[in-house]
2 protein chains.
Amino acid sequence: MPAGVKDVAQRAGVSVGTVSNVLNRPDRVSAEVRDRVAQAIADLGYVRNAAARQLRAGRSTTIGLIVLDVRNPFFTDVARGAEDEAAEHGLSVTLGNSDENPAREAAYLDLFDEQRVHGVLISPIGDVAGRLDRLRARGIPAVLVDRAGADGRVSSVSVDDVAGGRMAAQHLLDTGRRRLAFVGGPPSIRQVVDRVEGARSALGGADRLEVLPTDALTVLEGRRIGQAIADRPPAARPDGIFAANDLIAMGLLQALAMRRDVEVPGEIALVGFDDIDFASAAVVPLTSVRQPSQLIGRTAMRLLLDEAADPGLAPRQVVFQPELVVRASSAPPP
Amino acid sequence: MPAGVKDVAQRAGVSVGTVSNVLNRPDRVSAEVRDRVAQAIADLGYVRNAAARQLRAGRSTTIGLIVLDVRNPFFTDVARGAEDEAAEHGLSVTLGNSDENPAREAAYLDLFDEQRVHGVLISPIGDVAGRLDRLRARGIPAVLVDRAGADGRVSSVSVDDVAGGRMAAQHLLDTGRRRLAFVGGPPSIRQVVDRVEGARSALGGADRLEVLPTDALTVLEGRRIGQAIADRPPAARPDGIFAANDLIAMGLLQALAMRRDVEVPGEIALVGFDDIDFASAAVVPLTSVRQPSQLIGRTAMRLLLDEAADPGLAPRQVVFQPELVVRASSAPPP
DNA sequence: GACCCGAACTGAATCGATTCACAGATCGAC
DNA sequence: GTCGATCTGTGAATCGATTCAGTTCGGGTC
């Protein structure tokens, strides 16, 4: 029922090939014919069928982006950066939310595979190396986001999480804290592991850092651990906490704030990671390790587009340095 | 180069039609053949080509969702609800971010139109009535999200914004505030207009509410207005502020907190809208008008799928009632 | 044994845009 | 006046999965 190229061609009195040329290579067509075709398109309300174009082209003009958590402002910022860069090249981005769930992640990879997307940007949770290889075999490049490629098989854009973890822990030590704890998980997320490792390296010994694992990097999980800490006798509480990300830090803050006897930063100093917008507006403004989120997204997209244009390109690893932003939550005790 | 149905058929020693049947109507095929085809698919690493399927089917299995701001947790929650409902029907969701920009919104509508999406969910900023009519003519239903349909031409799922605005203003009056202000904009967003109107109705007269317009519903804009308010002589400041959403409220809070002489809620009480996760973790925990965000998304998707299944269906309007959540930011003055 | 029926499978036609080898037309140069 | 070059425009072939009118075959009925 909806009009196709054929209908447009007929109404404009030209062939279908000419209509296609007007759409894709207007310079090959005389001005007079161009106007006639444009008029016919307007009259019929013709809209190109993307499926037919893609079928012929062999690949779509969409880029798939899979993030660990859309509700984390860090990832929406990354997505925004990626989207802006893609838009400049006439491509669009489909955002998938794995929710730190390997099954959901796999489902999105399947979907993008069937859609023959132009490329895939992914912040992985499961073991995706094999999947990404298969995609590449089908001509679909992939770039890891916010996570360094373990082997050099695939390009990646990330932040030096080990350095970030070290900065956070060192800062807590510098403000006089001695009983440090790390809150975060699951360990299947490499960023988490790297951040713990960085914190440990600042302490000089593995046994001096208490690790309180969470099942996800969410406000809810932070709140859960925060309650557990508040329930301890004061002497058993840590006096400095490094949270795997700001969401967890915000949860900790919520739980601790409800207990009048646990004061931040008086009794416990707190450092987060990501420096999301809300960090500076928290109950106690949050000290955090900042990542250049939009830049990460934009850079990853750029690497991806390069590889899409030239499949032979060798994988590249881009690593940004994080930056400590000090606020009230880690002020020295009185 | 990648394997197609034809290759699979050849390897399994059957016709292409049979391969298609194995994929789409396995019950029509004998178990023995089914296994042979499955084996061939695995051997060749065959992956269906979505473009070809869609071309034949005439529509895709994707739903387009356009939100005003992906960085607003309210909308990511809505998206999550919509996505969950869609997944239960084997459909996926493409998220588009209009950023309160009519041009970006139009671009996404064009994209979804070309993609012949299964349907469109939209929280509109510009005048989209005409666009949605054209989509419908092409067999693509649309449902408005977080915004009631002006005329009854299109289905919608929303919250009673007028009631929400009234609740917020009434609450401020109840806590003894008298010089009320509303912060929010732009007026092209109907929700904003409705919330002001609700607040006015609680006051009984239009002139008793000062309106401080913003260009967008963002933390940044809130911060800007907050600074302007803090710069006034104390007597000229409002003593109760109703922010169009929590992002603006958080921005106001950030700006006011930086000025030691402006205390919340002592000098100024503050009420937001949406009750996002971060509201309870703000510098001063935020009183807010809660919307059932995930439920809104889920319900909108349900209406949309109904209409996609039966194009003749009459438009329906679902309106949820908001709920006031009182926290520290609106405590009565000492 | 003739006939019918359903189950299992076949393969050509189809969806709509793009491409590309080819055809006409126009113009300038020699 | 002829040849070649350039510029416009043509239309059949193509991408890959699905569909549907047919074919084949085993078995049941009278």
Side-chain angles (χ1 to χ4, degrees), chain A residues 1-38 40-41 44-62 90 110-111 113-118 138-140, chain B residues 1-38 40-41 44-61 110-111 113-118 138-140:
Chain A
M1 187 62 51
V5 262
K6 233 173 289 182
D7 306 296
V8 173
Q10 192 173 12
R11 183 172 241 266
V14 298
S15 74
V16 293
T18 300
V19 174
S20 179
N21 279 334
V22 170
L23 258 24
N24 303 300
R25 285 177 299 268
D27 50 305
R28 292 228 190 307
V29 180
S30 71
E32 191 242 350
V33 169
R34 208 182 310 153
D35 291 347
R36 251 184 18 238
V37 171
I41 288 177
L44 297 171
Y46 165 75
V47 174
R48 267 149 118 142
N49 183 320
R53 299 187 72 190
Q54 290 175 25
L55 174 57
R56 190 89 234 287
R59 48 158 56 176
S60 92
T61 58
T62 291
D110 284 342
L111 181 68
D113 203 349
E114 291 193 358
Q115 289 185 165
R116 301 290 193 273
V117 292
H118 208 77
R138 212 164 283 116
I140 302 176
Chain B
M1 185 62 52
V5 263
K6 235 173 289 184
D7 306 296
V8 173
Q10 192 170 14
R11 183 171 240 267
V14 298
S15 76
V16 293
T18 300
V19 173
S20 179
N21 280 334
V22 170
L23 259 24
N24 302 301
R25 285 178 298 267
D27 50 305
R28 292 225 192 306
V29 180
S30 71
E32 191 242 350
V33 169
R34 210 181 309 153
D35 291 346
R36 266 206 340 262
V37 172
I41 288 178
L44 297 171
Y46 166 74
V47 174
R48 266 148 118 139
N49 183 320
R53 298 188 72 191
Q54 290 175 25
L55 174 56
R56 194 81 235 286
R59 47 158 56 175
S60 93
T61 58
D110 284 342
L111 181 68
D113 203 350
E114 291 192 358
Q115 289 184 165
R116 301 290 193 273
V117 292
H118 208 79
R138 212 163 284 116
I140 302 176

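Quick caveat: nothing in here was measured; it's all calculated off a predicted structure. In what follows, chains are A, B, ... by sequence order, proteins preceding strands, each numbered from 1.
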For [X], which residues count as a side-chain contact (heavy atoms from CB on, under 4.5 Å) partner, sequence neighbours excluded?
X: A:Ser30; answer: A:Glu32, A:Val33
X: B:Arg56; answer: none
X: A:Gln115; answer: A:Leu111, A:Phe112, A:Val117, B:Ala50, B:Thr62
X: A:Arg48; answer: A:Leu23, A:Asn24, A:Tyr46, A:Arg53, B:Glu114

Discussion item. By the 4.0 Å heavy-atom rule, please label A:Arg59 as base, sugar-phosphate, or nothing.
Written reply: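 It contacts nothing in the nucleic acid.
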
Item to complete: Using five pairs at either end of the helix from C:dG1-D:dC30 to C:dC30-D:dG1, determine the angle between the two local helix axes and round it to 10 degrees.
Response: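 Taking five pairs per end, the axes differ by 50°.
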
Considering all heavy atoms, the nearest [X]-[Y] contact:
X: A:Ala12; Y: A:Ala40; value: CB-CB, 4.0 Å
X: A:Ala52; Y: B:Leu55; value: CB-CD1, 3.8 Å
X: A:Val19; Y: A:Val14; value: CG2-CG2, 3.9 Å

Response to the item:
For A:Ser60, the side-chain hydrogen bond (donor to acceptor under 3.5 Å, both in side chains) test, sequence neighbours excluded, returns none

Worksheet item: Quick one: side-chain hydrogen bond (donor to acceptor under 3.5 Å, both in side chains) partners of B:Arg11, sequence neighbours excluded?
Response: B:Asp43

Between [atom2] on [N] and [atom1] on [X], what's the gap in Å once rounded to a whole number?
X: B:Gln10; N: D:dG16; atom1: CD; atom2: C1'; answer: 15 Å
X: B:Glu114; N: C:dG16; atom1: CD; atom2: C1'; answer: 13 Å
X: A:Leu23; N: C:dT19; atom1: CG; atom2: P; answer: 11 Å
X: B:Leu55; N: C:dA17; atom1: CG; atom2: P; answer: 9 Å
X: A:Arg25; N: C:dT19; atom1: CZ; atom2: C1'; answer: 7 Å

Worksheet item: Can you check whether B:His118's main-chain N or O pairs, donor with acceptor, with B:Arg59's side chain at less than 3.5 Å?
Response: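 Not a single qualifying donor-acceptor pair exists.
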
Worksheet item: With B:Asp110, which residues qualify under salt bridge (charged side-chain N to carboxylate O under 4.0 Å, His left out), at least two apart?
Response: B:Arg131

Worksheet entry | Set of residues satisfying salt bridge (charged side-chain N to carboxylate O under 4.0 Å, His left out) with respect to B:Arg138, sequence neighbours excluded |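 For B:Arg138 the salt bridge (charged side-chain N to carboxylate O under 4.0 Å, His left out) partners, ignoring immediate neighbours, are B:Asp113.
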
Worksheet item: Tell me, which of residues 44-54 of chain B have any heavy atom that sits under 4.0 Å from an atom in DNA chain C?
Response: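 The answer is none.
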
Is there any protein nitrogen or oxygen under 3.5 Å from a nitrogen or oxygen in nucleotides 25-27 of chain D, and what are the pairs?
none

Discussion item. Within the structure provided, determine whether B:Arg116 and A:Val47 are in side-chain contact (heavy-atom separation under 4.5 Å).
Written reply: yes

Listed pairs, N/O of protein and of nucleotides 8-14 of chain D, under 3.5 Å:
{"residue": "D:dG9", "atom": "OP1", "partner": "A:Ser30", "partner atom": "OG", "Å": "2.9"}
{"residue": "D:dG9", "atom": "OP2", "partner": "A:Ser30", "partner atom": "N", "Å": "2.9"}
{"residue": "D:dT10", "atom": "OP2", "partner": "A:Ser15", "partner atom": "N", "Å": "2.9"}
{"residue": "D:dT10", "atom": "OP2", "partner": "A:Ser15", "partner atom": "OG", "Å": "3.1"}
{"residue": "D:dT10", "atom": "OP2", "partner": "A:Thr18", "partner atom": "OG1", "Å": "2.5"}
{"residue": "D:dT14", "atom": "O2", "partner": "A:Arg56", "partner atom": "NE", "Å": "2.9"}

